[in-house]
Amino acid sequence: EIKIKYNDTIVIIDDDESIHEAWDKKLCDIIETISTIQVKHYRDGREALRFLDNFENKQNVLLLSDYELIGQDLNGLEIMEQSKINRSILVTSHYAESEIRSRANKLGAKILPKDIVYSVPLKIEHSKPKDGELVNAHIVFVDDEIDTVEKLIADHYSHLLIDIYPNPFEFLKEVDKYTK
């Protein structure tokens with residue numbers, strides 16, 4: 001799964017237009033539901049790097065980059081290294097190459113095979129509320145079958161902000177943080 005924070009800017013770098021279209025299709029419900037999440041598309045690695053260098057809060061960046069940027073002097077791992085984005089995912093067809101996996105591991109980047117972009121689940125994470133602050137969760141599940149609930153969310157509700165409690169007692173401890 002790919003974890004997206006409530007205030008993220010998702011930066012997508014790929015020279016293949018079909019991957020940008022796949023991400024747009026995958027993210028459209030999230031973008032419509034949560035206006036604080038932004039998506040930036042780049043086909044040129046240098047242009048993306050300039051944007052990332054000038055980005056103030058790099059903790060709010062999720063970088064999804066192709067490894068091989070045809071005709072460019074940078075690859076996705078070099079962009080990740082130079083931009084110092086902690087939450088980076090290399091989206092590539094070269095996922096089986098041990099050198100690429102080793103370099104990604106050293107950077108702390110995850111690897112996502114390009115051919116499963118369409119099926120990888122997205123999970124929206126929101127930060128813990130401050131005392132007295134309300135949470136605008138779309139759904140709150142109280143269920144002891146956590147695996148079943150997580151599958152239901154992955155299949156139908158992954159674009160929503162959802163909290164899960166394993167029993168009513170845990171939920172009742174935090175019920176005051178939710179709007180009616």
Let me have the donor-acceptor pairs involving side chains of residues 59-68, under 3.5 Å, with sequence neighbours excluded, atom names and distances please.
from, atom 1, to, atom 2, distance (Å)
Asp66, OD2, Lys114, NZ, 3.2
Glu68, OE1, His94, NE2, 3.3

_Between Glu170 and Lys173, does the salt bridge (Lys or Arg N to Asp or Glu O under 4.0 Å) criterion hold? Intermediate values first, please._
CA-CA 5 Å; Glu170 294 296 317; Lys173 286 180 192 174; 3.4 Å; yes
*Could you tell me whether the side chain of Glu78 and the main chain of Asn75 form a donor-acceptor pair under 3.5 Å?*
yes
*Once you round to the nearest 0.5 Å, how far does NZ of Lys84 lie from CD1 of Ile79?*
13.5 Å
*Within the distance-only criterion (no hydrogens, no angle test), does the side chain of Lys123 pair as donor or acceptor with the backbone N or O of Ile153 below 3.5 angstrom?*
no
*Are the side chain of Ser102 and the backbone of Ser98 linked by a donor-acceptor contact shorter than 3.5 Å?*
no
*side-chain contact (heavy atoms from CB on, under 4.5 Å) involving Lys26 - partner list, sequence neighbours excluded*: Trp23, Val120, Leu122
*asked:* How long is the straight-line distance from NZ of Lys5 back to CD1 of Ile34, given to the nearest 0.5 Å?
replied: 14.0 Å
_Does atom CD (Glu1) have a neighbourhood of more than 12 heavy atoms from anything else shown, all under 6.0 Å?_
yes
_Measuring only between side-chain heavy atoms, which start at C-beta, is Ile2 closer than 4.5 Å to Leu112?_
yes
*Which pair of non-hydrogen atoms, one from Ala22 and one from Val117, has the smallest distance, and what is that distance?*
CB-CG1, 4.2 Å
*Hey, are the side chains of Ile31 and Ile37 touching, using non-hydrogen atoms and a 4.5 Å cut-off?*
yes
*Going by the angle between their ring planes, with limits at 30° and 60°, are Tyr178 and Tyr165 parallel, tilted or perpendicular?*
perpendicular
*So, do Ile139 and Leu152 sit near enough that their side-chain heavy atoms are less than 4.5 Å apart?*
no
*Quick check: are there more than 12 heavy atoms from other residues, nucleotides or ligands sitting under 6.0 Å from CD of Glu99?*
no
*Run the side chain to side chain contact (heavy atoms under 4.5 Å, CB included) check on Arg46 and Asp73 step by step: do they pass?*
CA-CA 8 Å; Arg46 287 268 172 219; Asp73 63 340; 3.0 Å; yes
_Show the nearest heavy-atom pair for residues Ile12 and His20, with the distance to one decimal._
O-CE1, 3.6 Å
*Spacing of CD1 belonging to Ile4 relative to OG1 belonging to Thr9, to within rounding of 0.5 Å*: 11.5 Å
*Judged by atom type as modelled, is there a donor-acceptor pair below 3.5 Å linking the side chain of Asp143 to the main-chain atoms of Glu145?*
yes
*asked:* When you measure from the side chain of Ser88 to the backbone of Ala109, do you find a donor-acceptor pair of N or O atoms at a distance under 3.5 Å?
replied: no
